[in-house]
Participant: 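Okay, here's the structure, questions in a sec.
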Amino acid sequence: MSYNFQEIDKKWQKFWAENQTFKTEDHSSRPKYYVLDMFPYPSGAGLHVGHPLGYIASDIYARFKRNNGFNVLHPMGYDAFGLPAEQYAIQTGTHPAVTTEENLKRYREQLDKIGFSFDWSREVKTCDPAYYKWTQWAFTQMFEHYYDVAMDKAQPISNLIESFEKNGTNSVKAWSSQELSFSKDEWKAFSEDRREEILQNYRIAYLDEVPVNWCPALGTVLANDEVKDGLSERGGHPVEQKVMKQWCLRVSAYAQRLLDRLETLDWSESMKEVQRNWIGRSVGAQMNFLVSGKDFGFDIFTTRPDTIYGVTFMVLAPESDYVFQVTTKEQKAAVENYLEDCKKKSQRERMMDTKTMTGVFTGGFCVHPFTGKEIPIWVGDYVLGGYGTGAIMAVPAHDSRDHAFAKNFDLPIIPVIEGEGTANVQDESYDAKNGICINSDIINGLTVKEAIAKMNDEVEKRGLGSKKINYRLRDAIFSRQRYWGEPFPVYYKEGKPQMLELSKLPLELPEVDAYLPTEEGEPPLGRAKNWQTKEGHPYELSTMPGFAGSSAYFLRYMDPHNEDQLVSIEANSYWKNVDLYVGGPEHATGHLIYSRFWNKFLYDLGVICEDEPFKKMVNQGMIQGRSNFVYRLKNDQKKFVSLGLKDNYETQEIHVDVNIVSNDILDIEAFKSWRPEFKDVEFVLEKEGDLEVYKCGWAIEKMSKSKYNVVNPDIIAEKYGSDTLRLYEMFLGPLEQSKPWNTNGIEGVYRFLVKLWNLFHEGDSLQLSDESAKPEELKVLHTCLKKVSEDMENFAFNTSVSAFMIAVNELSKLKCNKAEVLGPLVIALSPFAPHTAEELWSLLGNSDSVSKAPWPQTEEKYLIESTFTYPISFNGKMRFLLDLPIDLGKEEIEKAVLENEDSQKWLEGKTIKKIIIVPKKIVNIVVG
RNA sequence: GGCCCGGUGGCGGAAUGGUAGACGCAGCGGAUUCAAAAUCCGCCGCUGGUAACAGUGUGCGAGUUCAAGUCUCGCCCGGGCCACCA
């Protein structure tokens, strides 16, 4: 019998499905382990070989844990709401649900072919009303809660109202958009509308007029993490700044907790670092600067209060309300002109020229709080409205941005810090946070560190302000003016937002006649008929963004069919949180922040028992494509020139399908029939050995349909079997590294499986032996088991595959057909190559699935041999390399060295001065 | 500009501070075969040498160590993320 992988694949995939081998129970005496993949967005293109990389790794680990006696939860689902299906709907009129369902089916077929051990009975789809009911419910809870800073957790908004009624804002410490202050009497006197407006300032889900990233091409606003370089992440359309009334989530309230708990997580350092940067905590001082001749001042935020004597001007963000209040009559026109210019600039333009500083003088002045001098107030768009107070004190001598601004507008530069190697601050700012204060009155002679502490005290003492922590992390804008997303569970009564009760959820997405905005510019839901409550109150027209559905899906897998709760207390207290999360590092600032926030909020509510969702995370690298190019003449569209000759011509680079190129040599006939326009083209060839060929150029790029470099996993699985695909994806290199896909090496992995198969067979018949194994056979087995078991915990699956290859090579040299050796080997291999392992396991006479067999233990005694390899002499010392048991004592090693024949030969006629035993297996002998 | 990760043969990549290049691909030589495919055996960093062998070698330059691809410092190069966050 030869290795018929196609039959084996089918047989065992069917067996697993029929026997529900991987269905997980919610109650078990065995310890639990939760292995999760980031669920995919089912795009129309289907899976390419890059997608399953992480799924294969997590599946290997899940299977390994099962063999080790864990009750493993390993589910899969789909992030099914999203822009591509909706863009397609706009073009074709096909309902996004239809497209999504089709794509989803194709994904499932492709996934099934790779032999994953998912428990599909727990599948979650974000577009399923039974699921998004809980997304909507969580939103209503966020509306009904505020963040209590003193208790450091979310609390019901009714508590806040109670406090207002008793004490006004006194004694209230709540995270808010603006700091408000009123008495209980004032609160009572406020109108209903005013009270609601105030509450919006505290609610965790709130409506606000905010500057947003507006993408006209997509007709929607986008979150900060959905914008890259001023273009939309999906589609690459320009994004502009605009002020709109939007639903927001008060993620910023959780900034400190998101930062602190990062320390406890078993994530890669780089991943944590990205999150730390995104949260961007900075400690500084908030300080009030009075405006000359007026009875008010404005706050600035600075992390460098030590440089206060170097302040030579102030800068307000263009969005700042103070701009109008400080601008003089003379400067009014100039300032208004400037603000107009700023508005016209797109986000992209603003980011493109970070070098040129623009701004305008307002005519107003501030009083320096320490020197009493007058300082001019400017407006400049390098100061951001959304961070700190939207106003800064500028210290051009010690901040490079202020320096550039000062140079541009010829403002004075006063040095106040003298550091090592301080250059002339007139030419370049000295930004480093070390040195001694000069020209600084009360802090002269202090180090920067001392000066910061002293100034913080001084600022507080003089009532100018206080120490303050700022976070870069902004609240998330939660509205999208799109169709294919979760509808908000919100209706408006006299303009005031009202939440739907749980019993009214889910509020299902209505049908519309087109997926475009209405003529009045309302979102597509504006087209839905009767989009209102029974009482006639209109529903919200926006839908929720992509990250809404992915923020709690991992909880739903624990209890996917529960109609009364997101997850029951029982299910949650058994499964707790995700033990291992596998996914791409590109979600560091989006999904992984939002889901941590969402999870912490639910934890505050007491709905779940863990405040961190993902204990350990492994980030698989991206599999890049290797594209091929042909070169077309610019002046002759019918002529193509080979790579080596292209520099002699004016050419245009064109992507060519990698499937008609082999070893970078183009299959000319295949190219001619690839596309009709290439039917009768000509080629300029170059010499390669004796042959004239067309050589293609190549580049490593992202794998994508438009670059014709997509390699499909189905084709690989069909040609070599799904186990070969699994093994090869792991063999390609370290899991976390990005690497290009290159099918060249796959034969080697396939050969390994054939060799393994042949250990069991002699021609067409089975040839297994029950005899007990020889020591050298057991050594091969246990060396392999040891390596594979160790690699498991480090996710070093590439070297595990090598270990199996070595074992099988040596066993086939030894002609080992002992069941005693092959049995454990098959179990260890089963996470990697489950189909083949199941088949071989059954050939060994087992009736149960290999996934239920206990993981074979390594026995060290088979690994050790006590022989000298060879001695090396150097620098008057002898170095001996030993293959000895690691735990031998010093004396035993010395004895072994001295008794060894080889070493005696080397040591003959020499005096031993000293024997140094260095760790592991090297012995140095110093001789006279 | 800031932060993170990496740099080892023709290629993908191995190496708890301890024989650098495991394993695989490609290449070369041989066996088998009428022949090919498949399979098996051997060689395979660079330089010199028929060879044994010698020298050299992990981006560059220093340092720590009996011993450095690995640790420390300073550079160079590549990739990624963030980017006027005061």
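Sequence lines set the chain letters: A, B, ... in the order given, protein chains first and strands last, and positions in each chain run from 1. Side chains are part of it too, since the values below use all heavy atoms of this structure and drop only hydrogens, waters and symmetry mates.
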Participant: Look at all strands and tell whether K755(A) reaches a base, only sugar-phosphate, or nothing, counting heavy atoms closer than 4.0 Å.
Facilitator: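 The residue K755(A) makes sugar-phosphate contact but no base contact.
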Participant: State the syn/anti category of rG49(B) according to its glycosidic angle, syn meaning within 90° of 0.
Facilitator: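 Base orientation: anti.
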Participant: Counting heavy atoms from C-beta on, name the nucleotide in rA15(B), rC23(B), rA83(B) closest to the side chain of F731(A).
Facilitator: rC23(B)
Participant: Mind checking if S270(A) touches a base, just sugar-phosphate, or nothing, with heavy atoms under 4.0 Å?
Facilitator: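 Sugar-phosphate contact only - S270(A) comes under 4.0 Å of backbone atoms but never of a base.
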Participant: Look at all strands and tell whether R751(A) reaches a base, only sugar-phosphate, or nothing, counting heavy atoms closer than 4.0 Å.
Facilitator: sugar-phosphate
Participant: Choosing from rA83(B), rC84(B), rA14(B), which nucleotide comes nearest the side chain of D381(A)?
Facilitator: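 Among rA83(B), rC84(B), rA14(B), the one nearest the side chain of D381(A) is rC84(B).
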Participant: More 5' along RNA chain B: D402(A) or M805(A), using each one's nearest nucleotide?
Facilitator: M805(A)
Participant: Classify I392(A) by what it touches in the nucleic acid, base, sugar-phosphate, or nothing, heavy-atom distance under 4.0 Å.
Facilitator: base
Participant: Measuring only the C1' atom in each nucleotide, how far is rG59(B) from rG55(B)? A whole number of Å is fine.
Facilitator: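 My reading of the C1' atoms in rG59(B) and rG55(B) gives 22 Å.
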Participant: So that I know where these two stand, are F313(A) and F405(A) an aromatic pair - ring centroids less than 6.0 Å apart?
Facilitator: yes
Participant: Heavy atoms under 4.0 Å, any strand shown: does P734(A) hit a base, just sugar-phosphate, or nothing?
Facilitator: sugar-phosphate
Participant: rA20(B) and rC44(B): how far apart are their P atoms, nearest whole angstrom?
Facilitator: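 Each nucleotide's P atom is 16 Å from the other's.
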Participant: With the side chain of S802(A) defined as its heavy atoms from C-beta on, choose the nearest nucleotide among rA14(B), rC23(B), rA86(B).
Facilitator: rC23(B)
Participant: At under 4.0 Å between heavy atoms, what does R281(A) touch on the DNA or RNA strands: base, sugar-phosphate, or nothing?
Facilitator: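 Contact class for R281(A): none.
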Participant: Hey, mind stepping through Y720(A) and T743(A) against side chain to side chain donor-acceptor pair (under 3.5 Å) and telling me if it holds?
Facilitator: CA-CA 11 Å; Y720(A) 296 100; T743(A) 315; over 6 Å; no
Participant: If you apply the rule salt bridge (charged side-chain N to carboxylate O under 4.0 Å, His left out), what do you find for R276(A) with E263(A), and how did you get there?
Facilitator: CA-CA 10 Å; R276(A) 279 186 211 116; E263(A) 300 309 315; 3.4 Å; yes
Participant: Heavy atoms under 4.0 Å, any strand shown: does S268(A) hit a base, just sugar-phosphate, or nothing?
Facilitator: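 No contact.
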Participant: Between F797(A) and F795(A), is the ring centre distance below 6.0 Å?
Facilitator: yes
Participant: Just compare rA83(B), rC25(B), rC81(B) and give me whichever is closest to any side-chain atom of N744(A).
Facilitator: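 The answer is rC25(B), which lies nearest to the side chain.
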Participant: Just checking N798(A): base, sugar-phosphate only, or nothing, at a heavy-atom cut-off of under 4.0 Å?
Facilitator: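 It contacts sugar-phosphate atoms only.
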Participant: Checking all strands, does E586(A) fall into the base, sugar-phosphate, or nothing category for heavy-atom contacts under 4.0 angstrom?
Facilitator: nothing
Participant: Counting only side-chain heavy atoms from C-beta out, which of rC82(B), rC84(B), rA22(B) sits nearest to R472(A)?
Facilitator: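 Nearest listed nucleotide: rC82(B).
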